[in-house]
Amino acid sequence: FDEVLVEGSVLAHYVAERNHYEELLDELFRSSGEARNMIGSRCIWHINSTAFGGGVAEMLPHHICLLRELGFDVRWLIFKPKEEQFFQFTKALHNSLHDVKVAGVNDLLPHYLEASQRGAAELERIIRPDDFLVIHDPQPLVAAAKFLESHPHPAIWRCHIGYPKRTPTVDKIWEFFGEYLRQFQRIVLSDKEYAFDTDLPIDIIPPSISPFSSKNRNYEGPAGQALDHLVSFNSQEFEPTPSLQDILGSRYFLHVSRWDGLKGIDRIIAAYDRFVKTALAEAYDTRLVIAGPDPLDVADDPEGREYFEKCVLLCTQLSEEVQRRVYLVCISMKDHDANAEIVGRLQQNAHGVFALSREEGFGLTATEALFRGKPVVVSSAFGLKRQVVNGLNGVVLHEPDIEDKAAEMMHRLAVGYSDFEEMARTAREHCLRSSTQISQIPKWYHSMQSALS
Ligand code: UDP
């Protein structure tokens with residue numbers, strides 16, 4: 001385990017913009033008093049498996065800052081076993097939970113259990129009596145459960161993954177977790193449709209964003225040149241490699257995600273190919289930027305490198321004309337704030353944001369684009385259609401022929417923006433009310449208080 005040190009003041013920003021957050025702040029202060037009485041001075045430990053990349057790492061820093069400012073003792077631990085097989089196993093669990101069949105899982109299981117056993121022993125040295133545990137996702141679940149078996153503590157399992165259908169593969173995974181969940185008091189899921197058979201009470205808390213993080217703040221002026229060193233591109237055979245500045249200064253559609261087959265990056269590339277082949281001359285100017293973490297920097301996602309290479313291959317199969325307009329951008333995860341700034345600036349300057357995931361538990365990248373009031377086009381993957389109401393705050397594309405439909409939306413965006421103006425306004429207002437972190441903290445209080453009672 002490594003501890004991540006988090007500091008900063010977030011609450012003051014909300015208070016300074018009270019006109020947007022009045023009701024949410026009132027509710028936050030009211031519920032905080034009650035929660036402080038119940039939770040008292042016990043330490044709340046959030047435990048997940050990565051400090052960079054992905055939705056959980058995105059949410060925790062400001063969530064932790066806020067809770068500290070509200071008077072709680074909160075700390076953050078990363079469970080990161082050295083063996084590759086550990087993360088191969090948890091990635092297989094992730095895929096299986098989305099009903100993707102994975103071979104060879106049983107061979108990896110012993111590595112996961114062994115690392116978890118070691119993790120449990122380490123927790124004995126870190127966690128004090130009375131501490132409260134919030135365990136995120138499957139990676140640290142078994143280590144925490146084994147520790148809790150002999151050292152009972154109040155504990156919540158916060159699972160960010162979900163799948164709205166029951167299938168034999170999905171049920172098998174929930175059954176596997178079930179054995180370990182007995183040591184917990186409650187489960188938190190992102191949506192009620194993700195509920196599975198369990199005796200534990202389930203609370204629903206959708207993911208949320210911080211309007212004041214480096215990712216979501218408003219950037220003025222050009223990006224500093226230092227950021228250029230933190231991005232790398234797929235090889236561009238037809239143009240000199242661009243700089244981040246060049247990209248930010250151009251017109252482009254954007255997709256942001258980890259390099260993962262479920263994110264539907266191939267579908268965006270196919271849609272863009274169709275768009276360019278039939279585009280009017282003035283639409284030619286709009287490029288495609290696909291941005292994700294440098295796969296070499298992301299230890300908890302062993303498939304990232306392979307999938308990135310698959311995307312590069314897909315690009316090399318495009319015609320010259322299309323290929324030189326597509327940029328696969330790898331962002332170094334070594335500097336968290338710089339990564340956030342690069343993604344934030346790419347989102348802020350995008351002409352439209354696409355998320356065509358095959359499966360999506362929630363999709364914070366869509367929330368971020370909605371919050372920025374960008375035109376947002378998404379697939380009907382469950383988490384995305386939960387956030388986007390077709391025609392109201394964005395566009396939802398349904399199967400089949402999603403690439404054709406996305407290509408058509410690219411046309412509409414490229415030649416004129418007006419359909420999206422009202423939607424973008426609604427998107428931002430809705431996000432301010434329901435997707436900011438302070439709107440979810442009272443729900444966390446409820447869950448923690450219930451776990452303690
Ligand atoms: N993200 C990032 N850098 C990247 C790619 C993604 O900071 O290169 C962030 C993205 O902005 C979002 C999170 O990682 O906040 C991804 O969350 P999402 O729910 O979309 O997907 P997950 O990775 O959790 O499946």
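Index from 1, following the sequence. Remember, it's 1-based here, ligands and their atoms both numbered in the order they're listed. Small disclaimer: the values here were computed from a predicted structure and weren't measured.
Cation-pi check for R18 over Y14 is not met; the charged atom does not lie both under 6.0 angstrom from the ring centroid and within 45 degrees of its normal. A cation-pi geometry, defined here as NZ or CZ lying under 6.0 Å from the six-membered ring centre and within 45° of its normal, holds between R428 and F371.
Distances between N or O atoms of Q347 and those of ligand 1 include no value under 3.5 Å. Polar contact with ligand 1: absent for V343 (N/O pair, distance under 3.5 Å).
Looking at D171 and K165, no side-chain N of the basic residue comes within less than 4.0 Å of a carboxylate O on the acidic one, giving no salt bridge. A salt bridge between E368 and R372 is absent, with no side-chain N of the basic residue lying under 4.0 Å from a carboxylate O of the acidic one. Checked for salt-bridge contact, E341 and K215 miss the test: no charged N lies under 4.0 Å from a carboxylate O.
Looking from atom 14 (O) of ligand 1 to the surrounding protein, the closest heavy atom is G54 N, 3.4 Å. In terms of protein heavy-atom proximity, atom 2 (C) of ligand 1 is nearest to N339 OD1, 3.6 Å. Counting protein heavy atoms only, atom 10 (C) of ligand 1 is closest to T365 CG2, 3.5 Å. Among protein heavy atoms, atom 16 (C) of ligand 1 sits closest to G55 N, 3.6 Å. The nearest heavy-atom contact from the protein to atom 6 (C) of ligand 1 is V256 CG1, 3.7 Å.
Listed by number with element, the atoms of ligand 1 under 4.0 angstrom from any heavy atom of R258 are 22 (P), 23 (O), 25 (O). Remark: ligand 1 atoms within the under-4.0 Å shell around heavy atoms of E58 are 15 (O). Counting atoms of ligand 1 from 1 in the listed order, those under 4.0 Å from a heavy atom of G363 are 19 (O), 20 (O). Within ligand 1, counting atoms from 1 as listed, the ones closer than 4.0 Å to a heavy atom of K215 are 2 (C), 7 (O), 9 (C), 10 (C), 11 (O), 15 (O).
Of the candidates E368, K263, H336, K263 brings a heavy atom nearest to atom 25 (O) of ligand 1.
One finds the CD atom of Q440 at 13.5 Å from the NE2 atom of H446 (value rounded to the nearest 0.5 Å).
The shortest side-chain heavy-atom distance between K172 and S96 does not fall under the 4.5 Å cut-off. Between Y445 and L70 there is a side-chain heavy-atom pair separated by less than 4.5 Å.
If you look at L364 next to ligand 1, the close heavy atoms, those under 4.0 Å, come from the backbone and the side chain alike.
Residue contact annotation: A340 has no non-hydrogen atom under 4.0 Å from ligand 1.
In terms of heavy-atom proximity, F89 sits nearest to V105 at CE1-CG1, 3.4 Å.
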